[in-house]
Structure formats: structure tokens, C-alpha cells
Q: 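I have a structure I would like to understand better, so I am pasting it below and will then ask my questions one at a time.
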Amino acid sequence: MPESDDERIADLEAALRHDDPRFAQGLGKGRPRRPREYRRGRAWLAMGLAVAAVVTGAVVPHGLLLAAGLVMAALAVNLFDTTLRRRPRRRRP
């Protein structure tokens, strides 16, 4: 027997609240926030710090600072990836 539309909507609402509670709360108040996939403030901050370390390491000839900046930049690039790396949820029968 197929589910009613109300049950499907309730399931979607519960999944949204579980996945991104801040976005769901904003929708409930009528002032939606950007979804998690589009919030990249920490990624830009990490990339800025990494670039600053690379530039400082290049201006002041300091190889360790330059290498640390390059490693930080490589790690910061991963923060821009929006795909979720968790196991897919099982669908209820």
C-alpha cells in the first residue's frame, strides 16, 4: 500500500532536520539560511591563512613555513568539496 503524501512530507521534513538543522529551523521561521553545501566561510579562512603562510615563507626565506603553507593549502582545498562522504542511508521498505 503506497504511503500518503503527508507521510512522505513528514519523512522529508525529518530527514532535512537530521541533515541540516540550522537550515530547517530557518525555513520554519520564514528566514531560510544557506544550506550546508554553500557555507564555505571556514574554507576561505583556511585558504587565506595557507596563502599567507606561503607568501610569508617565500618573502622571508624560510623553507619550513613555506612547506607548512603548501600543506595547509592542500588541506584547505578539501574543505571546498561539497559532496558528502558518508554512507548512504537505507531506505525504509
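These values consider heavy atoms only, across backbone and side chains, with no hydrogens, waters or symmetry-generated copies. One is the number of the first residue; the rest follow in order along the sequence.
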Q: Are Leu65 and Val55 linked, directly or through other ILVMFWY residues, by side chains that come within less than 4.5 angstrom of each other?
A: no

Q: Does any part of the side chain of Thr56, heavy atoms only, come nearer than 4.5 Å to the side chain of His62, both counted from C-beta?
A: no

Q: Can Met72 be reached from Leu45 by stepping across I, L, V, M, F, W or Y side chains whose heavy atoms are under 4.5 Å apart?
A: yes

Q: Testing the basics here: between Ala73 and Ala50, what is the closest heavy-atom pair and its distance to 0.1 Å?
A: N-CB, 3.4 Å

Q: Mind listing the closest non-hydrogen atom pair of Ala53 and Gly69 along with its distance?
A: CB-CA, 3.7 Å

Q: Which is it for Leu79 and Met47 under the side chain to side chain contact (heavy atoms under 4.5 Å, CB included) test, yes or no, and what are the steps along the way?
A: CA-CA 9 Å; Leu79 295 175; Met47 185 59 75; over 6 Å; no

Q: Can you find a heavy atom in the side chain of Leu70 that is under 4.5 Å from one in the side chain of Val54?
A: yes

